[in-house]
Amino acid sequence: MDTVHPDKIAVIAITRKGVDVGRQLGQLFPGGHLYLPQKFVPEPQTNEHLFLPPVKTVVEEAFTRYRYLVLIMALGAAVRILASQVKDK
């Protein structure tokens with residue numbers, strides 16, 4: 001089994017509760033990168049990157065940059081956002 005390298009992980013949250021969950025996950029992957037909505041985070045911590053809506057832009061960029069994505073959002077939203085990035089089943 002391959003080892004997951006934290007620097008290849010992006011965690012993307014879109015809600016206030018998602019920020020809390022994302023930060024908890026960030027403790028499990030200390031080298032990972034956490035993307036959070038600017039409106040919920042006045043001052044980012046290390047490895048936290050703030051974004052303005054739409055989240056689709058952030059997810060599409062992360063899809064090309066990272067090996068692993070953790071999307072903290074509704075499943076339907078995640079599927080719609082990722083659909084344009086998936087070329088093959």
Side-chain angles (χ1 to χ4, degrees):
M1 177 181 266
D2 292 337
T3 302
V4 176
H5 296 284
D7 61 332
K8 296 181 179 183
I9 298 173
V11 177
I12 303 170
I14 62 171
T15 64
R16 189 178 307 279
K17 281 193 166 195
V19 169
D20 296 336
V21 172
R23 285 182 166 159
Q24 290 174 359
L25 287 173
Q27 293 174 359
L28 298 174
F29 305 110
H33 296 170
L34 184 56
Y35 292 85
L36 306 170
Q38 186 175 2
K39 66 181 178 180
F40 298 135
V41 183
E43 293 186 31
Q45 300 172 8
T46 304
N47 287 339
E48 290 184 351
H49 308 279
L50 304 184
F51 68 86
L52 294 170
V55 69
K56 180 177 182 173
T57 307
V58 176
V59 173
E60 288 174 348
E61 183 179 320
F63 190 85
T64 62
R65 292 184 58 204
Y66 296 94
R67 175 81 171 122
Y68 306 99
L69 296 181
V70 178
L71 304 179
I72 305 171
M73 62 185 68
L75 179 60
V79 169
R80 284 189 300 278
I81 291 169
L82 289 172
S84 64
Q85 300 299 310
V86 178
K87 306 292 183 219
D88 197 323
K89 61 177 177 172

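Since this is a predicted model, take the numbers as computed values, not measurements. The basis for the numbers below is simple: all heavy atoms, side chains too, and nothing from hydrogens, waters or symmetry mates.
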Side chains of V58 and H49: closer than 4.5 Å at any heavy-atom pair?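 Result no, sub-4.5 Å side-chain heavy-atom pair not found.
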Hey, does Q85 have a side-chain heavy atom less than 4.5 Å from the side chain of L69?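 No, too far: nothing below the 4.5 Å cut-off.
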Minimum heavy-atom distance between [X] and [Y], given as atom pair plus value:
{"X": "S84", "Y": "E60", "value": "OG-OE2, 3.3 Å"}
{"X": "I81", "Y": "K56", "value": "CG2-CA, 4.0 Å"}
{"X": "F40", "Y": "I14", "value": "CE1-O, 3.6 Å"}
{"X": "V19", "Y": "P37", "value": "CG2-CD, 4.2 Å"}
{"X": "A10", "Y": "Y35", "value": "CB-CE1, 4.0 Å"}

Once you round to the nearest 0.5 Å, how far does [atom1] of [X] lie from [atom2] of [Y]?
{"X": "R65", "Y": "H33", "atom1": "CZ", "atom2": "NE2", "answer": "7.5 Å"}
{"X": "Q27", "Y": "L34", "atom1": "CD", "atom2": "CG", "answer": "10.5 Å"}
{"X": "K39", "Y": "L50", "atom1": "NZ", "atom2": "CG", "answer": "13.0 Å"}
{"X": "D20", "Y": "T15", "atom1": "CG", "atom2": "OG1", "answer": "8.5 Å"}
{"X": "L71", "Y": "F63", "atom1": "CG", "atom2": "CZ", "answer": "10.0 Å"}

Hydrophobic clustering (ILVMFWY, side-chain heavy atoms < 4.5 Å, transitive) - are [Y] and [X] grouped together?
{"X": "I72", "Y": "F29", "value": "yes"}
{"X": "M73", "Y": "V70", "value": "no"}
{"X": "V21", "Y": "Y68", "value": "yes"}
{"X": "I12", "Y": "L36", "value": "no"}

For P30, does its backbone N or O pair with a side-chain atom of N47 as donor and acceptor, under 3.5 Å? yes
Evaluation steps, side-chain contact (heavy atoms from CB on, under 4.5 Å), between L25 and I9: CA-CA 11 Å; L25 287 173; I9 298 173; over 6 Å; no
